[in-house]
Amino acid sequence: MAVTATADDLTIVERRVNGQTGLVVERGGVAAVVIAFEVAGDRIRNFWAVANPEKLRPWTTS
């Protein structure tokens, strides 16, 4: 979350990503990165991040 303090147009939104806990990082309403987490107990076991603009189009809100 400290990253959002340094970029005025950056927001991080919690979302379900492919059925898993995830985050969508947006810059100016456009998805910049989508991250999915595999959680085991109280720990993140794996995470996957997608930053390819072509694959992020469905995640864009504006």
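Ala36 is linked by a side-chain contact (heavy atoms from CB on, under 4.5 Å) to Val17, Gln20, Trp48, counting only residues two or more places apart in sequence or in another chain. Legend: residues meeting side-chain contact (heavy atoms from CB on, under 4.5 Å) with Ala51, ordered by chain and number and at least two apart, are Val33. Take Glu38 and apply the side-chain hydrogen bond (donor to acceptor under 3.5 Å, both in side chains) test, not counting sequence neighbours, and it matches Asn46. Glu54 is linked by a salt bridge (Lys or Arg N to Asp or Glu O under 4.0 Å) to Arg57, counting only residues two or more places apart in sequence or in another chain. Val24 meets the side-chain contact (heavy atoms from CB on, under 4.5 Å) test with Arg15, Glu26, Ala31, Val34, Trp59; sequence neighbours excluded.
Of all heavy-atom pairs between Ala32 and Leu56, the closest is O-CD1, 3.2 Å.
Applying the 6.0 Å contact sphere to CZ of Phe47 captures no more than 12 heavy atoms from other residues, nucleotides or ligands.
Taking 4.5 Å as the limit, every side-chain heavy atom of Val13 sits out of range of all side-chain heavy atoms of Leu23.
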